[in-house]
Every structure is written in structure tokens, then in C-alpha cells.
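Below, chain A is the first sequence line, B the second, and so on; all start at residue 1. Below, each value reflects all heavy atoms present in this structure, side chains not excepted, and no hydrogens, waters or symmetry copies.
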Amino acid sequence: MGLQQPPLFCITMSTEITKIYAPQQIEDKWYSYWLTNKLFKSTPDEREPFTIVIPPPNVTGVLHMGHMLNNTIQDVLVRKARMQGKNALWVAGTDHASIATEAKVVQMLREKGIKKSDLSRDEFLKYAWEWKEKYGGIILKQLEKLGASCDWDRTRFTMEPKMSEAVINTFIDLYNKGLIYRELRMVNWDPQGKTALSDEEVIFKDVQSKLYFIKYFLVDSKDEYVTIATTRPETILADAAICVNPNDERFKHLVGKQVLVPFINRPITIIADEYVDMEFGTGCLKVTPAHDKNDYELGKKYNLEVIDILNEEGFLNEKAIDPRYIGKDRFAVRREIAVHLEEAGHILKIDEYKNQVGTSERTGAVIEPRLTLQWWVDMKKFVAKNPQVLDAVMNDEIKFHPANMKNTYKHWIDNIKDWCISRQLWWGQRIPAWYDEDGNFVVAKTHHEAIAQYKLQFPNANTLQLKQDDDVVDTWFSSWLWPISVFDGFEKMDNGKVSKENADIKYYYPTNDLVTAPEIMFFWVARMIMAGYEWMGEKPFKNVYYTGIVRDKQRRKMSKSLGNSPDPLDLIAQHGADGVRMGMLLSSPAGNDILFDESQVEQGRNFANKIWNAFRLVKGLEVKPDAEFDAEILESNKISADWFNGKLNDAYAEISEKYTDYKLSEVLMSMYKLIWDDYCAWYLEMSKPEYGKPINE
RNA sequence: GGGAGCAUAGCUCAGCUGGUUCAGAGCACCUGCCUUACAAGCAGGGGGUCACAGGUUCGAACCCUGUUGCUCCCA
């Protein structure tokens with residue numbers, strides 16, 4: 001790096017350049033220049049590749065401040081690589097966001113007076129695709145406004161035919177490898193979305209609730225009773241037993257006896273198990289196998305009846321027996337039954353109680369544990385088969401920034417649970433399992449292949465019709481393939497591995513940097529690493545940069561409902577994309593939350609204006625190579641140029657070092673000071689001639 | 001309940017293995033300037049017991065222990 005000989009000049013002020021930088025026109029002008037000249041386009045060649053795949057935004061969304069931050073960082077990284085002469089590729093795309101989009105489409109239809117249940121699957125999907133066509137492109141257009149240097153010719157969508165085929169192929173592959181299975185289990189049920197959810201999609205929230213102490217009278221006794229404590233009194237209708245700790249002296253004499261469930265008078269037995277915490281509540285636990293995970297396990301152990309009193313929408317069904325409650329919503333019943341119990345003298349007391357309830361990440365509905373048949377990925381087996389999933393992160397082959405995220409990652413991997421991948425939705429890739437009337441099934445790509453396989457597997461059956469599974473896969477079951485599927489890696493598979501025949505996958509994989517939010521480490525980052533090792537035998541990326549959450553000045557998370565999030569496009573219109581980008585980066589070390597303050601955007605805008613005016617000054621200087629100059633001036637110009645060269649080299653070294661640590665806000669500050677202080681305040685001031693006085697006078 | 005982390009100027013943060021860049025940066029603030037690149041600017045200026053209490057050391061913002069307050073993740 002360095003400047004050549006100091007320029008020899010005198011001033012001829014230009015009036016063509018505006019005094020104040022007007023980013024809108026300039027940014028539009030250059031963005032379209034970049035696009036028409038295909039400057040962001042990348043195809044494999046002999047240069048070193050540098051690849052980033054975008055975390056595909058949902059087709060439901062519009063650009064928010066989190067996207068601004070995230071995509072600004074990606075753009076900085078990819079542009080730097082491009083300037084360094086690497087073959088830089090930033091792949092863009094969008095995510096079909098199964099449950100989120102389906103919820104939006106259902107709502108849109110409801111507003112039109114159409115119920116999802118009145119539509120066939122195909123009719124519904126037609127509406128969903130219309131939705132996608134209408135809204136899917138918006139966010140990509142917004143990214144252009146931000147200045148994102150993506151290779152737009154490579155834009156992908158997670159539910160386009162090729163991508164969906166990859167999902168189906170990998171499903172079948174995992175099934176054949178014994179890593180996917182189908183099982184009746186307790187799942188997180190979203191009664192509003194009417195679908196199962198993975199553990200990661202459940203958000204626990206603190207709530208203030210009531211702890212009801214309810215008396216269960218012993219069979220054949222009018223006054224002897226046990227008391228249980230519960231926050232969900234409606235579930236007593238599904239009780240199958242009472243359980244106490246075998247060491248609890250208070251209840252030893254009752255074990256084996258029976259009590260009656262209030263109102264419905266079902267006799268249930270008092271059993272004893274170490275699982276019960278003697279300290280909590282009354283020491284007596286009601287066991288409700290259909291509506292609680294732990295109770296279900298307990299029920300299995302003691303062979304208790306599973307009495308499921310809720311339907312898929314969270315309404316009580318006829319198994320609840322008492323006609324006062326059947327057909328009503330679980331929360332309505334909770335209020336009513338509390339009153340009824342009190343009136344009937346079954347309530348000992350009611351305490352205020354702070355507890356946590358699980359809610360659906362997408363619909364917000366309170367989750368019900370529900371026993372259903374679902375498809376699962378055997379994660380323990382998966383990780384055991386691919387130990388690099390943990391090792392690569394721990395030994396920094398995949399580097400996390402900031403590094404302390406490794407601990408969280410390790411904790412998750414060490415305690416990994418099986419992944420429920422089936423969803424009772426229509427918008428998504430349909431599970432390639434085919435069933436006969438008895439529930440026997442085969443896994444195959446097409447009906448035709450399914451029949452053939454079925455004949456092999458069940459030679460004695462004479463079914464010619466098989467019905468495909470109604471469910472789709474979790475949206476993350478397509479996202480985890482993203483760094484491979486955007487390069488069509490799954491088109492050619494060989495013995496359970498991507499055969500790496502196509503030029504793109506060979507050249508661009510593994511990618512370099514992944515920039516994403518820490519909250520999707522488990523949803524996405526961890527699973528991409530798993531998919532990478534399983535099918536490519538190699539990591540999907542070298543660095544993971546975790547951004548912070550964008551908060552307002554009062555540290556509140558920016559959200560639609562709070563109304564504290566500015567519209568990024570308004571901000572861009574007001575201060576220019578560069579101003580906004582700089583404002584975000586200034587206060588955003590990796591992993592730290594960013595406290596967004598518009599005054600930082602102003603600082604960014606001011607900086608752009610500073611550069612503009614420096615350009616205006618330099619542009620106004622006219623170089624006169626033939627003019628005769630005073631030796632003194634030549635000497636002083638040389639000194640100032642040398643001085644600035646030194647500064648430039650220092651800054652370059654400093655910036656390079658900070659880049660390797662991904663300290664982007666510090667990189668930006670170094671550049672800010674270099675340009676503002678060293679270049680403008682010193683170098684330009686030292687070398688510019690006095691106004692109106694030709695320099696060689 | 002388990003785990004991770006934070007506390008340095010009004011705000012956001014830097015400060016690596018304890019010692020001449022150790023008390024820093026940017027913004028904000030105060031004072032003076034509309035000086036022909038930029039008032040979105042220029043020149044100057046004030047401001048901190050490095051959360052608190054102990055300890056280790058010749059020496060602590062940095063290491064150790066405890067206290068307080070806060071944040072995040074997981075169940």
C-alpha cells in the first residue's frame with residue numbers, strides 16, 4: 001500500500017459537485033452499475049474462492065433491523081474478499097418457512113371468509129404459492145436497497161423443485177441408514193397451528209398462575225382424602241393414578257388404596273415411586289399420562305391408562321366425561337372447573353404461583369404435550385456416527401466468533417434429543433412414506449417406487465393402492481441442507497454421500513463465513529454442521545459469526561408489537577444505506593447486542609459526507625505537471641505524503657489484524673480515524689494550497 | 001434448578017500473558033468560530049476510587065475469594 005509521488009496542483013474549484021452528499025442518487029446509480037456490469041457474479045475459476053450463503057429470510061417477512069445488521073456484516077466480509085482478489089460469491093435466497101407461512105396464509109384466507117378445512121390440499125397450496133409469489137420477492141428487493149452484493153443469478157428458494165428433491169432424497173437416505181424412524185411419542189403440540197413442534201420451537205415464558213390444592217376422597221370414605229397440587233385443574237379429568245414417594249411417612253399407609261377423581265368418580269390407585277418430590281406441593285402427585293411428559297413416562301412404567309381428553313385444537317372431548325366441559329376450550333374449562341371444585345368443597349386452598357409455560361415460537365399458543373405418531377431423526381446416533389460435529393467446533397476447525405458460544409454448542413450436543421421432523425401442515429415437502437390400509441409403510445420417492453418396494457417388503461399383501469403421508473417435514477429439515485443444496489450437491493449421490501461431481505460444489509464448498517443470530521444456533525448452525533459431515537464428509541463453513549440482537553436505547557428488543565423498530569427503508573431514504581450500515585456496525589462487536597440509536601446513523605451519514613467533501617476538494621485540484629514549483633513546497637509536500645503513507649500502513653496492519661478476529665466495529669473505527677483525522681484533517685490540510693494563491697508563486 | 005457471561009467517562013465499548021501508548025476511543029457535553037472541501041464543519045476544553053469488600057504481589061482495571069446488580073442460553 002502507498003501513495004506515489006505527492007501530487008502537484010493548484011486549486012480550481014468545481015461548482016458541479018454538491019456541497020452536501022446526496023446518497024440516494026449516488027447509491028442507486030452505483031448499484032445499477034454494479035448489476036449491469038455483473039460485478040457480483042461468480043463462476044468457478046482458478047482464483048481462491050470465498051463463499052457466503054445467506055441465512056435465507058422467510059418469505060413471510062419484510063426487512064427488519066436484524067436483517068440490516070446481519071446482511072451488512074455479510075456484505076462487508078464478501079466485499080473485502082472481492083477486493084482482495086478472491087473469487088467472492090454471496091448466495092442469496094429465501095426460505096419457505098413452513099409453519100410461519102402457513103399460519104399467515106390461513107389468516108389471510110380467514111379474512112376472506114375461507115376456512116382451511118374447507119379446502120383441499122391442492123387448493124390450499126395454490127393460495128400458498130400465490131402468497132409466496134407476491135411477498136417472496138419483496139425482501140430480496142429490500143436487500144438490494146441495502147447494497148447487498150449477492151450474485152442474484154443464483155438466488156434460490158427452499159421449496160423450489162430441485163431443493164425439495166434434495167429434501168426427499170436426504171429423507172430417504174437417512175431412513176435407509178436407520179437415522180430416521182417413526183414412533184408414537186409425547187410431542188409438543190401447538191393447538192393453534194394444529195401441528196407437532198420440535199423442542200427448539202417451544203419458547204418458555206414466565207407466567208403468574210394459580211396452584212390449586214385439590215382433595216381426592218378415598219373410595220368408601222366420606223372424610224379421608226389426599227390433596228394434590230396442580231396448575232392445570234382441568235387435567236384431573238384425565239388422571240390415571242396418584243403417586244407418592246415410597247419413603248414418605250405421611251402417605252405410606254395409603255399406598256395401594258384408591259381415591260375418586262372429583263365429579264367423574266373414576267377410581268384411581270395410589271402408587272409409590274421415587275420420582276415424586278416430597279417437598280413440592282403436598283407430596284402427592286396426580287398422574288396424567290396423556291397430558292404431561294413425565295407423567296407419561298411414569299404411566300408407561302406402571303402400565304397406566306392414557307386418557308387423552310383434548311382434541312387437536314385444545315378443546316375437551318368426550319373422554320372428559322363430564323358434559324359441562326366437553327366441547328370447551330382448555331382455558332375456559334380451567335376457570336370453570338376451579339369454580340365447580342370450590343363449590344363442591346374439593347379445594348383446600350389456592351396459592352399464587354410463578355411458573356413457566358411452553359409456547360409456540362410461531363403462533364404463540366400454549367403448547368400441550370400430546371401423544372402422537374411422528375417422524376424423528378435419531379440425533380444421538382447421528383452425532384455418534386459423525387463425531388466431528390462436536391470436535392470440529394471444539395478444536396476451532398469451525399471457528400465461532402465470539403468463541404464462548406462453543407460452550408453453549410457443546411452443551412446442546414452433549415444433551416442432544418431426537419428431532420421431531422414431521423409437521424401436520426401442507427406447506428412444505430411432503431414426507432415420502434406410503435401406507436397401506438393397515439398402517440404398514442415403505443419409504444420411497446414416488447408412488448410407483450413405493451409399490452415396487454412394498455411388494456418386496458410385504459409379499460403376501462395384495463394392496464395396489466398406497467397412500468402418501470399427509471404430513472410435511474420441518475422447515476429446518478430443508479434449511480440444514482442449504483450450504484450444499486444451493487450448489488445442487490444432492491443431485492448426484494453415491495452410497496449415502498454427495499458425489500461432488502458438479503463444479504460448483506467442488507469449488508465453493510466448504511463455504512467461508514456464516515453470519516447468523518445466536519438464537520438459531522441449534523435450529524440451524526448445529527444441524528448444518530451435522531448435514532455437512534454426513535453428506536459431504538466435511539464442514540459446511542470455516543467461521544461462524546454470531547451477531548447480537550438489535551435493541552432500542554432502553555435495551556428493549558425491537559419488535560413490531562412494541563413499535564420501537566424503525567423501518568429500515570425509511571432510514572435508508574433519510575440517511576443513505578451507507579449511513580445506516582455504518583450506524584449499525586459502529587456499536588456491534590460480535591456477539592454483543594446492538595443498542596440502536598439513530599444518532600449513530602447520523603454519524604455514519606456525516607462520515608459519508610466527509611468522504612464526499614474530501615473527494616470534492618481533491619477533484620477541484622488541478623494537476624499541472626509542467627508548472628515550476630518552489631523547492632520548499634515540493635519538500636513539504638513530500639514530507640506530508642511520507643507521513644500519510646506511514647499512517648496508511650499502520651492502519652492497514654491494524655485493520656488486517658482486527659479483521660482476522662472479526663472485530664468489525666473496531667475495523668470501522670480505524671478506518672474512520674484514518675480518513676477523518678489523518679487523511680482529511682492532516683494530510684489534505686497540509687498539502688492543499690492556499691485559496692487563490694497559485695502554488696508556485 | 002443447570003450453564004455461560006457482564007459490571008471501566010453521561011452513552012456504547014477497547015484495554016492480550018499483572019509493569020511507558022494505563023487509565024483510552026468514538027459519540028454526547030461545554031467554550032469559541034458561518035475561516036472558499038465539509039456548521040453533516042473547524043479550533044480548544046472538562047469529565048472515571050476501573051461495581052463493592054477483602055486477598056496475592058515490590059507493583060492489580062487485569063490474578064484469587066466473597067458480596068451486590070444485570071444479561072443470555074438450557075430444563
Side-chain angles (χ1 to χ4, degrees), chain A residues 11-23 188 199-200 202-204 277 279-280 293-294 355-358 400 402-417 517-523 546 548-549 551-557 574-576 578-579 582-621 650 654 657-658 661 663-673 675-677 679-685 687-693:
Chain A
I11 275 184
T12 54
M13 275 311 298
S14 163
T15 49
E16 290 153 29
I17 307 173
T18 56
K19 200 164 156 179
I20 300 241
Y21 176 53
N188 308 298
D199 291 339
E200 285 71 27
V202 178
I203 313 284
F204 285 89
D277 179 359
E279 307 296 318
F280 181 80
K293 262 181 195 171
N294 296 319
N355 66 333
Q356 293 186 311
V357 297
F400 280 10
N404 62 8
M405 301 300 285
K406 284 159 72 174
N407 294 326
T408 315
Y409 180 85
K410 182 175 192 309
H411 190 258
W412 188 76
I413 296 284
D414 285 346
N415 297 284
I416 201 158
K417 303 221 167 58
E519 65 255 34
I520 58 174
M521 182 160 97
F522 309 130
F523 277 119
Y546 292 101
I549 296 166
R551 298 175 181 276
D552 69 8
K553 270 188 272 188
Q554 292 140 58
R555 283 198 179 271
R556 296 177 305 177
K557 193 172 173 174
Q574 229 180 314
H575 305 290
D578 286 322
M582 182 164 164
M584 309 233 49
L585 277 187
L586 268 174
S587 55
S588 178
N592 275 30
D593 283 0
I594 157 162
L595 299 198
F596 184 77
D597 185 345
E598 216 168 312
S599 70
Q600 280 161 340
V601 174
E602 277 174 35
Q603 193 183 349
R605 178 203 62 177
N606 293 353
F607 185 49
N609 188 57
K610 187 76 184 173
I611 295 172
W612 177 256
N613 275 289
F615 165 73
R616 206 156 76 94
L617 172 69
V618 172
K619 183 92 175 153
L621 304 176
D650 291 350
E654 192 180 306
E657 195 192 316
K658 283 172 177 167
D661 298 335
K663 295 185 169 178
L664 299 190
S665 54
E666 289 181 44
V667 167
L668 184 57
M669 189 43 68
S670 299
M671 291 192 181
Y672 180 81
K673 286 195 271 195
I675 291 172
W676 198 298
D677 299 336
Y679 183 70
C680 293
W682 287 102
Y683 179 64
L684 285 183
E685 289 299 330
S687 10
K688 80 176 179 191
E690 273 181 74
Y691 177 70
K693 289 183 187 167

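Within the nucleic acid shown, Lys610(A) comes within 4.0 Å of at least one base atom, counting heavy atoms only. Using a 4.0 Å heavy-atom cutoff across all strands shown, Phe522(A) reaches sugar-phosphate atoms only and no base atom. Residue-level contact check: Glu666(A) touches the backbone only, with heavy atoms under 4.0 Å from sugar-phosphate atoms and none from bases. Nucleic acid contact class of Asn407(A) (heavy atoms, under 4.0 Å, all strands): sugar-phosphate only. Using a 4.0 Å heavy-atom criterion, one finds that Tyr672(A) contacts the sugar-phosphate atoms exclusively.
In plain terms, the two heavy atoms of Leu586(A) and Gln600(A) that are nearest each other are CD1-O, 4.2 Å. Taking all atoms of both residues into account, the shortest heavy-atom contact from Ala614(A) to Leu684(A) is CB-CD1, 3.9 Å.
Taking atom CG on Asp661(A) and atom C1' on C16(B), their separation rounds to 10 Å, with Å as the unit. C13(B) atom C1' lies 17 Å from atom CZ of Arg551(A), rounded to whole Å. A straight line from CG of Leu586(A) to P of G26(B) spans 12 Å, rounded to a whole angstrom.
Classification of U36(B) as anti follows from a glycosidic angle more than 90° from 0. In U67(B) the base sits anti relative to the sugar, since the glycosidic angle is further than 90° from 0.
Look at Trp676(A) and you'll find a side-chain N or O under 4.0 angstrom from OP1 or OP2 of C42(B).
Annotation for Lys293(A): atom NZ counts as buried by contact number, over 12 foreign heavy atoms lying within 6.0 Å.
A37(B) and A43(B) have their P atoms separated by 14 Å, with the value rounded to a whole Å.
Positionally, the nearest nucleotide of RNA chain B for Gln600(A) lies more toward the 5' end than for the other of Gln600(A) and Cys680(A).
A ring-ring contact (aromatic ring centres under 6.0 Å, His included) with Tyr21(A) is found for exactly one of Phe607(A), Trp612(A), Phe615(A), namely Trp612(A).
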